[in-house]
Amino acid sequence: MTLSIGGNDARFSKVLQHCMLVAVPWCEESRFDSDADSLSVAEPALIQGPVFDNIVLALNAIHNAAPNARILLMGYPRLLTNNGFCLPGIASPEGSWLNEMGDKLDETIERAANFVRRPDYPVIFGDPRPDFGDHGACALSGGLIHDIVVGTTRGEGALSQQSLHPTALGALVYSATATKALAR
């Protein structure tokens, strides 16, 4: 079984949208109404605490339902190249911070895989960051992650769901990462 989890629990879409729209100089110093601290404090705490716990719960639920399953838990590629300069409202410090939070999420996903792994419970972590390299959104050439896609397909809202997700070539690179992880 192959899965990638944690991004929604880490509020990554919400944080990214907030950073693109917030009117303060650096979005990581702003806060959501539901948070007591700024995003620079609240987001790492969320990722390292409740997100980790939820990933472990999900992995254990899969193992309990399918005890013979071999699980490939995939991380996320580094989202932004060039600190996200092509995204409206994202300045260099914000793009760098968003990538740091993505790295923190990948480290947490890997930690959860290591935490639950046992001889009778094979959980493998696949890290796509090295394979994607500097080819995230806003890459000057050879981007493996879509920038903002405005042309939508039927059933979508104002922006395409393709935005900030792997391109067709990016999906092949992601697949190659999974294949390498399984071969280890």
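Please read all numbers here as calculations on a predicted model, not as lab measurements.
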Decide whether Leu169 and Met74 are clustered together by the hydrophobic rule: side chain heavy atoms of Ile, Leu, Val, Met, Phe, Trp, Tyr closer than 4.5 Å, transitively. yes
For the residue pair Tyr174 and Leu172, establish whether any side-chain heavy-atom pair is separated by less than 4.5 Å. no
Rounded to the nearest 0.5 Å, what separates atom OG in Ser30 from atom CG in Leu39? 4.5 Å
Quick one: side chain to side chain donor-acceptor pair (under 3.5 Å) partners of Ser92, sequence neighbours excluded? Asn83
Give a yes or no on whether Asp37 atom CG has more than 12 heavy-atom contacts from other residues, nucleotides or ligands under 6.0 Å away. yes
Taking side chain as C-beta onward, heavy atoms only, is Ser4 less than 4.5 Å from Leu73? no
Take a 6.0 Å sphere around NE2 of His146 and say whether it holds more than 12 heavy atoms from other residues, nucleotides or ligands. yes
Considering residues at least two apart in sequence or located in another chain, which fulfil the ring pair (Phe, Tyr, Trp, His ring centres under 6.0 Å) criterion with His135? none
Applying side-chain contact (heavy atoms from CB on, under 4.5 Å), run through Arg70 and Ile124 and close with a yes or a no. CA-CA 8 Å; Arg70 183 175 176 201; Ile124 301 160; 3.3 Å; yes
Report, as yes or no, whether the 6.0 Å neighbourhood of atom CG on Asp134 holds more than 12 heavy atoms from other residues, nucleotides or ligands. no
Flag yes if Val51 and Leu57 sit in one hydrophobic cluster, no otherwise; membership is Ile, Leu, Val, Met, Phe, Trp, Tyr, and two members link when side-chain heavy atoms are under 4.5 Å apart. no
In the structure I gave you, are the side-chain heavy atoms of Asp106 and Arg129 within less than 4.5 Å of one another anywhere? yes
Test of understanding: clusters of I, L, V, M, F, W, Y form through side-chain heavy atoms closer than 4.5 Å, transitively. Do Val41 and Phe32 belong to the same one? no
Hey, does Glu28 have a side-chain heavy atom less than 4.5 Å from the side chain of Glu43? no
To the closest 0.5 Å, what do you measure between CG (Asn54) and CD1 (Ile5)? 8.5 Å
Quick one, Leu3 and Ile62 - any side-chain contact, counting heavy atoms below 4.5 Å? yes
Please give me the minimum heavy-atom distance between Phe132 and Gly170, naming the atom from each residue. CZ-O, 3.3 Å
If I take atom CG from residue Leu105 and atom CD from residue Glu110, how far apart are they, to the nearest 0.5 angstrom? 12.0 Å
May I ask whether Leu80 and Met20 are part of the same hydrophobic cluster, defined by side-chain heavy atoms of I, L, V, M, F, W, Y residues being less than 4.5 angstrom apart, directly or through others? yes
Kindly indicate, with the supporting measurements, whether the criterion side-chain hydrogen bond (donor to acceptor under 3.5 Å, both in side chains) is fulfilled by Asn114 and Arg117. CA-CA 5 Å; Asn114 292 337; Arg117 182 183 306 115; 2.7 Å; yes
Do you know which two heavy atoms are closest between Thr81 and Gly136, and how far apart they sit? OG1-N, 2.7 Å
Connected via hydrophobic side-chain network under 4.5 Å: Met101 and Trp26: no
Do you know the tightest heavy-atom contact between Asn82 and Ala139? ND2-CA, 4.1 Å
Within residues 48-105 or reaching into it, pairs that qualify as ring-ring contact (aromatic ring centres under 6.0 Å, His included) - sequence neighbours excluded: Phe52-Phe115, His63-Tyr121
Do Pro50 and Asp9 have side-chain heavy atoms sitting under 4.5 Å apart? no
When rounded to the nearest 0.5 angstrom, what distance separates CD1 in Ile109 from CG in Asp127? 9.5 Å
To the nearest 0.5 Å, what is the distance between SG on Cys19 and CD1 on Ile90? 5.0 Å
If every non-hydrogen atom of Pro166 is compared with every non-hydrogen atom of Ala171, which pair is closest and at what distance? CB-N, 3.8 Å
Work out which heavy atom in Ala181 is nearest to a heavy atom in Leu72; give both atom names and the distance. CB-CD1, 3.8 Å
Side-chain touch Asp131/Leu144, heavy atoms, less than 4.5 angstrom: no
Over all heavy atoms of both residues, which pair between Ala113 and Phe125 is shortest? Give the atoms and the distance, please. CB-CB, 4.3 Å
Between Thr167 and Ile145, is the side-chain contact (heavy atoms from CB on, under 4.5 Å) condition met? List the steps. CA-CA 5 Å; Thr167 63; Ile145 297 176; 5.8 Å; no
Run the salt bridge (Lys or Arg N to Asp or Glu O under 4.0 Å) check on Asp35 and Arg11 step by step: do they pass? CA-CA 12 Å; Asp35 293 340; Arg11 313 179 299 189; 2.9 Å; yes
Which distance, rounded to the nearest 0.5 Å, do you find between the CG of Leu79 and the SG of Cys138? 8.5 Å
